[in-house]
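Computed from a predicted model, the values in this text were never measured in an experiment. Excluded from the calculations below are hydrogen atoms, water molecules and symmetry mates; all remaining heavy atoms, backbone and side chain alike, are included.
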Amino acid sequence: MIKTAPITIGGGKLTLQEVVLVARHGYEVELDASVKAKVTKSRQYVEKLLAEKKVVYGLTTGFGKFSDTYISSEDAKTLQVNLIRSHACGIGDPFPEEVARAIVLLRINALIQGYSGIRYSVVETMVEMLNKGVVPLIPEKGSLGASGDLAPLSHLALVMMGEGEALFRGEKLDGKAAMDKAGIVPVSLEAKEGLALINGTQVMTAVGALACWDALQLAKWADCAAALTTETLQGVRQAFDPETHDIRPHAGQQQVASNIRKLTQDSRLMTNQGELRVQDAYSLRCVPQVHGASADALQYIHDKLLIEMNSVTDNPLIFTEQEKVISGGNFHGQPIALAMDFLSIAVAELANISERRIERLVNPQLSGGLPPFLTKYGGTNSGFMIAQYAAASLVSENKSLAHPASVDSIPSSANQEDHVSMGTIGARKAAKIVENAYNVVAIELLCGSQAADYRGADGLGKGTAWVYAECRKQVPFLDEDRVMYTDFRKAVHMMKDAAVLKDMTETLGL
């Protein structure tokens with residue numbers, strides 16, 4: 001793991017970038033000094049309620065349909081352990097390590113706000129797990145996205161108890177062995193704590209946060225690919241002039257049009273209206289309108305995730321100042337479910353229009369003089385013929401995956417929980433679409449670079465020249481057929497490389 005200054009949480013708003021740094025790049029975390037007093041005060045009120053034998057959901061009652069069943073204080077600990085074991089019903093492959101780390105981080109961030117009634121020492125255990133590299137193995141499937149992500153979060157809690165399974169330094173171990181090797185003492189859950197650990201939206205939000213971050217970076221590359229393709233197809237530059245976009249002032253549309261102008265500045269390949277044609281096909285001419293709509297959607301999704309990442313989403317909630325316990329519905333994932341379906345659609349459209357531009361590059365009927373399938377030796381060589389097939393396949397798969405998950409619901413817990421969000425399913429689908437879209441845009445970048453070599457790369461604009469050069473650092477000109485899937489991988493790796501993204505921002509201003 002990278003040794004850097006730890007990220008402090010609890011003193012302000014956790015950002016998407018901070019989630020990425022902790023989850024993906026191994027940054028450690030520390031708790032803000034203000035956290036302990038808030039968490040401790042909340043716990044003290046819970047203990048007061050227990051001493052008074054108050055009937056409070058999740059403290060002295062069962063869960064779900066069993067909310068009317070009283071549990072004595074003597075049985076409270078047993079209740080919490082049974083809760084975790086019975087709810088650990090996750091199915092399928094485990095989430096990637098980075099997602100599991102994000103889940104732990106977001107759960108900490110919710111608990112430290114002082115409305116969950118958990119002991120400070122339990123939160124410290126979770127911080128130790130992050131910092132020492134104990135990663136719970138959390139199955140991907142099994143959450144309905146309401147009452148929180150109960151099943152997957154139970155697998156996190158199992159490891160905290162010294163049960164379940166975890167990774168430690170890349171080795172798969174049972175939870176107790178992983179905690180022992182890391183030098184972490186497993187927790188013995190007290191009243192309310194099991195419920196506090198599993199009742200929340202942190203799984204769907206963690207998956208969504210990483211997917212949204214990647215989608216925001218992808219959107220920049222989609223603009224780069226579109227600009228490169230438009231140039232090599234000798235597109236009409238007037239479609240991107242500011243006048244058109246000023247009178248339809250969607251922020252995303254205006255930004256994308258500006259990006260295309262920056263990228264193609266001083267291009268000798270772009271044309272003017274009437275030189276070769278009056279107007280281009282929609283996949284070129286309407287890039288600001290299509291990419292821009294996705295950019296606006298991504299901003300909305302980012303904002304919703306930022307709210308959710310910094311919210312308290314378990315139940316019941318402890319309001320110490322008012323001496324109140326409220327059993328509400330903050331665990332319901334609908335805000336994130338809708339955002340994840342929006343993410344799926346927005347990113348699927350970036351891939352959709354990208355594939356149409358790939359088709360124009362490889363199709364001699366549409367490319368304006370480029371060799372068929374971008375190869376000099378057509379017949380003995382296929383060039384980028386099957387690259388377009390692969391892109392088309394991914395786009396078609398995305399169309400299936402983009403069907404909204406949030407429009408589905410199924411009653412659970414004997415109809416007590418009779419409307420659920422399916423938000424975690426939505427987040428998982430969105431993440432798949434983002435990954436597919438990266439590969440489609442990577443193929444477009446390689447096709448655009450190949451076309452630039454035929455047109456004359458020295459005629460590219462200031463920005464697209466940088467894009468072309470970065471692609472050529474990874475993948476050479478396709479003179480004769482070769483195995484191409486490794487080229488796609490290299491291009492995707494380039495698009496996700498933090499150093500390249502930093503250089504893109506500094507050089508291109510995107």
Side-chain angles (χ1 to χ4, degrees), residues 1 3-12 14 18-19 21-23 26-47 50 76-77 80-81 83-84 97 100-136 138 153-164 166-169 173 175-200 202-203 206 309-314 317-318 320:
M1 292 197 176
K3 289 297 178 186
T4 59
I7 290 173
T8 302
I9 58 173
L14 187 66
E18 287 171 334
V19 172
L21 290 174
V22 172
Y27 279 54
E28 295 184 354
V29 301
E30 64 181 8
L31 300 177
D32 186 77
S34 65
V35 165
K36 187 172 184 178
K38 291 188 292 185
V39 173
T40 301
K41 191 173 183 180
S42 175
R43 183 63 196 175
Q44 287 170 343
Y45 184 60
V46 166
E47 290 173 353
L50 290 167
K77 289 186 180 181
Q80 300 306 308
V81 174
L83 172 72
I84 301 304
E97 188 171 342
R101 285 180 59 81
I103 291 168
V104 177
L105 173 66
L106 295 186
R107 198 76 202 115
I108 294 169
N109 199 46
L111 294 171
I112 61 179
Q113 298 187 47
Y115 296 93
S116 300
I118 200 165
R119 287 172 297 157
Y120 186 69
S121 60
V122 178
V123 179
E124 288 182 307
T125 298
M126 299 173 77
V127 171
E128 276 195 283
M129 289 170 66
L130 268 183
N131 291 347
K132 293 182 178 179
V134 174
V135 182
I138 301 174
L153 285 173
S154 294
H155 287 267
L156 160 60
L158 274 180
V159 176
M160 295 176 65
M161 292 163 48
E163 300 181 22
L167 292 176
F168 179 66
R169 296 179 180 171
L173 302 165
K176 180 69 164 60
M179 296 288 269
D180 287 348
K181 284 197 171 189
I184 305 172
V185 178
V187 299
S188 178
L189 296 177
E190 302 283 346
K192 175 66 168 73
E193 291 180 333
L195 192 58
L197 288 171
I198 69 173
N199 208 333
Q202 282 66 46
V203 174
M309 282 161 35
N310 292 285
S311 294
V312 183
T313 59
D314 55 301
L317 296 173
I318 312 298
T320 54

Main chain of A196, side chain of R107: is a donor-acceptor contact present, judged purely on distance under 3.5 Å?
yes
What's the separation between atom CG in L31 and atom CD1 in I9, rounded to the nearest 0.5 Å?
5.5 Å
Flag yes if more than 12 heavy atoms outside K36 fall under 6.0 Å of its NZ atom; otherwise flag no.
no
Heavy-atom closest pair, residues S34 and G10:
OG-O, 3.9 Å
Please identify which of these residues, M160, E193, M161, meets the side chain to side chain contact (heavy atoms under 4.5 Å, CB included) condition with I84.
M161
So which atom in V19 and which in M309 form the shortest heavy-atom distance, rounded to 0.1 Å?
CG2-CE, 3.7 Å
Using modelled atom types and a 3.5 Å cut-off, is there a donor and acceptor pairing between side-chain atoms of R43 and backbone atoms of I118?
no
Heavy atoms of V46 and A191 approach each other most closely as CG1-O, 4.5 Å
Does M179 form a side-chain contact (heavy atoms from CB on, under 4.5 Å) with V134? I'd like the steps, not just the answer.
CA-CA 7 Å; M179 296 288 269; V134 174; 4.1 Å; yes
Tell me the closest heavy-atom pair linking P136 and A100, and the distance in Å.
O-CB, 3.6 Å
Shortest non-hydrogen contact between R119 and S188, atoms and distance:
NH2-O, 2.8 Å
Please check if the side chain of N310 supplies one atom and the backbone of L14 the other of a donor-acceptor pair under 3.5 Å.
yes
Straight-line distance of K181 NZ to K132 NZ, nearest 0.5 Å:
15.0 Å
Quick one: pull up CD in Q113 and OG in S42 and give me the separation to the nearest 0.5 Å.
11.5 Å
Among L153, L83, D314, side chain to side chain contact (heavy atoms under 4.5 Å, CB included) partner for N199:
D314
Which residues share a side chain to side chain contact (heavy atoms under 4.5 Å, CB included) with V185, sequence neighbours left out
none
Give, for atom CD1 of I108 and atom CG of L130, the distance between the pair rounded to the nearest 0.5 Å.
4.5 Å
Pairs in or reaching into residues 154-164: which pass side-chain hydrogen bond (donor to acceptor under 3.5 Å, both in side chains), with residues at least two apart or in two chains?
R85-E163
Would you give the length of the straight line joining atom CZ of F168 to atom CG of D180, rounded to the nearest 0.5 angstrom?
10.5 Å
Look at the side chain of Q80 and the backbone N and O of L195, then say whether any donor-acceptor pair between them is shorter than 3.5 Å.
yes
Verify, without hydrogens or angle tests, whether T125 (side chain) and S121 (backbone) share a donor-acceptor contact under 3.5 angstrom.
yes
R101 vs E97, salt bridge (Lys or Arg N to Asp or Glu O under 4.0 Å): CA-CA, chis, key distance, verdict
CA-CA 6 Å; R101 285 180 59 81; E97 188 171 342; 5.9 Å; no
Do the side-chain N and O atoms of T313 and Q202 include a donor-acceptor pair separated by under 3.5 angstrom?
yes
Distance col, row L197:CG vs M126:CE, nearest 0.5 angstrom, shows 6.0 Å
